[in-house]
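Before any comments, here is the structure.
Whatever order the structure lists ligands and atoms in, that order sets their numbers, starting from 1. Not measured: the values here are computed from a predicted model. Just so you know, residue 1 is the first one in the sequence shown, and it goes up from there.
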Amino acid sequence: MSKKLTVAKFGGTSLADAEAIRQSAKVAILHNVSVVVVSATSGTTDELLRLAESLTKKPSIESLKTIESLKIKHQKIASGLKLSAHATKNLDALFTRLNNLALSIIAKDYPSALKELYPSMRHVYRQRIKDIPSTLDGSSLNRYPKRISDHVLSYGERISSVLMADALEKAGAKTTVVDARKIIKTDRNHRFATPLVDEIRFHTEELLVPEVKNGKTVVTQGFIGRAPDSSTTTLGRGGSDYSAALFAEALNADELQIWSDVPGVATADPRIVKNTRQIDLLTFQEAAELATAGAKILYPKTIIPMRRANIPVYVGHTFQPDTPGTRIEKSSSKKPLATAVSLKPKQSLVTLTTEQMSQEFGYLAKIFAIFARHKVSINQISTSEIAVAFTLDGYLSSHAQMLGELRELGDVTIENGMSLVSLIGNDINNTPGLANKIFACLETKDSKIAIRMICQGASKHNFCFVVEGKYGEESVRKLHEEFIGK
Ligand code: ADP
Ligand code: ASP
Ligand code: MG
């Protein structure tokens, strides 16, 4: 019987220190994993984001301190792993490159920075793609902060892949590191790039398949990709899960494994609810709803490729690998009414009110066109005759121009810091009296939680509503107690 083809992703906490990396390598070997996808070590992406901000907003010699402290942190891990000379050389080279990029921006040596940011642009792309800067100058730093940021962030995953590969070698695997940017081709929407699935399959067959056939364990990076202009892109914070799913799809893998710091998917975030239960089996549909509704254990888009290719997913605990985790498959005979409760904090609730909307054709289309032009995705929507309300991730105020365009269509009010609370289950929206039960459990003698917006009916599997941020966790606990904990 031929070997099962498994892709496994290890998140930041699974790579937090030498011990954690050794444990992750052990888990990968135990499961005969062919392709190991790594996140940056715990906390590193946040640090790199700060570095990128300082380099694009106010480059100064201070910025170099962040690189130095990241270097010390990773050298400590390297020494704990007794890193080989070859890997140490690669690690040092990455820090030198990052330092040189920072130095060139600080010293306004833009041609050098440009070479690092667009490695092949001078040969191929300058003719074809108009908005690539032909020279980088101070103003381009302001114009292209996302491109510079994505490039800086990529160092987190590139560094951890060197450490993981060495730990795997030491544990007995024949390993090779493949730069994910050679395979995960994306569009140029930096920070939230869209993967180009056909190109990914082509490059996987060219670069990954031969290594896997030769019995190598491939180590590659999650989160990062490359745009046609040769600049580095990222898939969105937490996007390593999505990368791993894209690799699994392109390889026609038998299984995708997601290893993290919890034993699988639970009925709610264990950090919010104490008596959660482990879910042993979820359908793709339920998992996708849960991930979109804010369950951080899975990046929202992870399930899309898995469902497309019908590849089962296993979510397990890196540090308790024998504790049974969660399987995610096409179908399940288990049909509990409520599977899980989820929270998505930091939502903006935007309400647009205008008399014009009543009876007018195409009014919503105009609103959607504005969001599409600014590449801002809408999470929830609810409409009345003269008003429409949306939720979005983050702060709408950071999209000043878009806000101006919306104001031309009507009165806009924005409430920041809201939370979206979702009850996920099977056929939940065909359950008589469900809304009553939800409202009743949110209203107790000592606290009454006001619901600001409700979404029901669009999905059979999800009932969700928006509350003020300060009530988010309390709502989750109450719903969990009412529908799952009892
Ligand atoms: P990683 O670094 O491994 O990608 P993340 O922090 O992104 O890990 O995701 C794991 C975290 O997801 C857990 O520590 C947990 O707090 C959170 N989480 C949120 N909802 C759930 C849920 N329903 N089940 C399990 N974990 C959840
Ligand atoms: N390192 C990236 C982040 O922190 C991607 C990931 O962890 O999945 O967002
Ligand atoms: Mg994650």
Item to complete: Indicate whether the side chain of Arg181 and that of Gln221 have a donor and an acceptor atom separated by less than 3.5 Å.
Response: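 Gln221 and Arg181 do not have a side-chain donor-acceptor pair below 3.5 Å.
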Discussion item. Students should find this: residues with any non-hydrogen atom under 4.0 Å from ligand 2. What is the answer?
Written reply: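 Residues within 4.0 Å of ligand 2: Ser39, Ala40, Thr45, Glu157, Phe223, Arg237, Gly238, Gly239, Ser240.
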Salt bridge present between [X] and [Y] (N-O < 4.0 angstrom):
X	Y	answer
Lys65	Glu62	yes
Arg50	Glu53	no
Arg237	Asp46	yes

Fill in: Centroid separation Tyr314 to Trp259 less than 6.0 Å
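Aromatic pair counts; centres sit under 6.0 Å.
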Present, as a list of atom pairs with distances to 0.1 Å, all nitrogen or oxygen contacts under 3.5 Å between ligand 1 and the protein.
residue  : atom   : partner : partner atom : Å
ligand 1 : 2 (O)  : Gly12   : N            : 3.1
ligand 1 : 3 (O)  : Ser260  : OG           : 2.7
ligand 1 : 4 (O)  : Lys9    : NZ           : 2.9
ligand 1 : 6 (O)  : Lys296  : NZ           : 2.9
ligand 1 : 8 (O)  : Ser260  : OG           : 3.2
ligand 1 : 12 (O) : Ile297  : N            : 3.3
ligand 1 : 14 (O) : Asp261  : OD1          : 2.9
ligand 1 : 14 (O) : Asp261  : OD2          : 3.4
ligand 1 : 14 (O) : Arg271  : NH2          : 2.8
ligand 1 : 16 (O) : Asp269  : OD1          : 2.8
ligand 1 : 16 (O) : Arg271  : NE           : 2.7
ligand 1 : 16 (O) : Arg271  : NH2          : 3.2
ligand 1 : 23 (N) : Ala266  : O            : 3.0
ligand 1 : 24 (N) : Ala266  : N            : 2.8

Worksheet item: For the atom pair OG1 (Thr66) and CG (Leu98), what is the distance rounded to the nearest 0.5 Å?
Response: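 Atom-to-atom, Thr66:OG1 and Leu98:CG are 9.5 Å apart.
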Fill in: Heavy-atom closest contact (Leu235 atom, Ala193 atom, distance)
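Scanning both residues completely, I find the closest heavy atoms to be CD2-O, 3.6 Å.
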Discussion item. Quick one, Glu255 and Arg327 - any side-chain contact, counting heavy atoms below 4.5 Å?
Written reply: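 Touching, per the 4.5 Å side-chain cut-off.
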Discussion item. Tell me whether the count of non-hydrogen atoms from other residues, nucleotides or ligands lying under 6.0 Å of NZ in Lys73 goes above 12.
Written reply: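 Result for NZ/Lys73: enclosed.
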